[in-house]
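These notes are about the structure you will find just below.
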Amino acid sequence: MIDVELLRSTPDAFRDSQRARQGDVSAVDRALEADEARRAALTRFETLRAEQKAFGKKVAQAPKDEKAALVAQVQGLAEDVKRAEAQANDAAQAFDVAVRGIQNLVLDGVPEGGEDDFTVLREVGEHPAFDFAPKDHVALGESLQLFDLERGAKVSGARFYYLTGWGARLELALLNLALDQAIGAGFTPLITPTIVNPDIMRGTGFLDSHSDEIYYLEADDQYLTGTSEVALAGYHSDEIIDLAAGPKRYAGWSTCYRREAGSHGKDTRGILRVHQFNKLEMFVYTTPDQAVAEHQRLLAWEEQMLAKVELPYRVINTAAGDLGSSAAQKFDTEAWIPTQQTYRELTSTSNCTTYQARRLGVRYRPEEGGKTTPVATLNGTLATTRWLVAILENHQQADGSVRIPEALRPYLGGIEAITPAS
RNA sequence: GGAGACGUCGCAUAGUCUGGUCGAGUGCACCACCCUGCUAAGGUGGAGUCCCGGGUUCCGGGACCGAGGGUUCAAAUCCCUCCGUCUCCGCCA
């Protein structure tokens, strides 16, 4: 949720932001009107309620024989109070709906426009030069028996798969490498719930812009999470946390579930775009003034992981229209995929400023004994199953084997390559 | 899945039967001050979160006793639904 006081004082900032996102600019004025209506209704109710309370006290103190007369006098008031309260509630709800129509205020430097309007911040590493015809990750996976797509489809349908043998081990190795890096950087590891309640899912902002991406369990009115960000953001919901000793950094390990609605026909081969995968996610609660610097740190940790697995990649500054509703700025890293001759997203790090925290009720005290204020939240990817695609394709060798980057070897019993024979 | 108990201001609890003086008591912990004088005891006071209005080291009002409804002039207290915790039984990959 946005800062309502800021909305009142500088509505133009929000109009600009909505415009940059190619979003609904009129939502700003609807929210302002709803805010005024809400406050008027609330004042009306509270005035009546104060009157009623004062009267209740009079009745309590009156001698027995006068009570009946007093009660008769005030009978109508109860009705008025109830009606005013209902009106105040309705107005508050209407305001809530209106204000939800406004996404997080984008930061300076975020490119305007849609999905294709990102800017490239840098390209790192050399594209591999093969003196043979490189195989795509599916061919490599089949010949090296790293995953089983057919049986995945048989058991669970399209976009499901089994990781098998070295494929399974490679994923665990990657995630463990990421986990160890995170722990080394001071993150607290958490293995998170992957089913969450509606208020948590709503609080993270996913029900606004990604609702058709989310698996919903109707019998239980709960959601499967598409990233541990959801459970990590909910971890401190409705809490006043202590940031005096620095930011709270969590590394969440979880399976992620995505419906991939609307992506029919896209990336149908292999494990690039799947309904279920594993991910190690960084999540940080920090003070708002530290958010931009922390965002750079998260990006640096992501790039550190990419360097460890020796992948060529680029970093992009995502355009406003491609940000989630909670994000104020987002950097993606995209690895080079040789057989596609293009870059594909491997990590994504968002600065949600105070937007998520406001919805989820996560606050801190800037000063000892002072007033509470919302924290800033940030998230970023450290490793996912998808990374296997980039690792396999970039590190394949003429004999059909895949060289294992040195950083991963300790997690794979020291092997230097996965060969057809191994 | 069945039966029962419970959910109160940081923690522990009182209050619920018998609705109003609960503006929620007490203990511990916390903060300030006083007294005392030395790794302590005692006294006084203070303290939560959120919202609205006016003022900007404040004042007034309102909400919050797990959540949401209901009864009533009035609900922590009575009724209903839901959620959670615990105990016992059943079941279990």
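Lettering of chains follows the sequences in order, A, B, ..., and the numbering in each one begins at 1. Excluded from the calculations below are hydrogen atoms, water molecules and symmetry mates; all remaining heavy atoms, backbone and side chain alike, are included.
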For atom [atom1], what is the distance between [N] and [M], given to the nearest Å?
| N | M | atom1 | value |
| --- | --- | --- | --- |
| B:A5 | B:C58 | P | 48 Å |
| B:G27 | B:A41 | P | 15 Å |
| B:G68 | B:A75 | C1' | 15 Å |
| B:G66 | B:U72 | P | 23 Å |
| B:U16 | B:G23 | P | 15 Å |
| B:C35 | B:G42 | C1' | 8 Å |

A:T286 side chain reached by A:L378 side chain, heavy atoms, under 4.5 Å: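 The answer is yes, as the side chains (C-beta and beyond) meet within the 4.5 Å cut-off.
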Which one is paired to [N], where only Watson-Crick or G-U wobble pairs with both distances under 3.5 angstrom count?
| N | value |
| --- | --- |
| B:A47 | none |
| B:G1 | B:C89 |
| B:U71 | none |

I want to verify a distance call: between [options], whose nearest atom is closest to the [X] side chain?
| X | options | value |
| --- | --- | --- |
| A:R39 | B:C51, B:G53, B:U49 | B:G53 |
| A:K53 | B:A63, B:G61, B:C73 | B:A63 |
| A:A50 | B:U71, B:U49, B:G62 | B:G62 |

Please determine whether a side-chain nitrogen of the Lys or Arg among A:R202 and A:D199 lies less than 4.0 Å from a carboxylate oxygen of the Asp or Glu.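 Between A:D199 and A:R202 there is no salt bridge, as every charged N stays at least 4.0 Å from the carboxylate O atoms.
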With a 4.0 Å limit, can you tell me whether A:R49 has a side-chain N or O closer than that to the phosphate oxygens OP1/OP2 of B:C73?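 No, no such contact exists.
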OP1 or OP2 of B:C51 under 4.0 Å from side-chain N/O of A:R38: no
Establish, yes or no, whether the cationic atom of A:R151 lies under 6.0 Å from the six-membered ring centre of A:Y162 and within 45° of the ring axis.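 No cation-pi geometry.
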Quickly work out the A:E79 CD to B:G70 C1' distance and round it to whole Å. 15 Å
For the pair made of CG in A:D96 and P in B:C50, what is the distance, rounded to whole Å?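 Computing the A:D96:CG to B:C50:P distance gives 17 Å.
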Select base, sugar-phosphate, or nothing to describe what A:L77 touches, counting heavy atoms under 4.0 Å on all strands. nothing
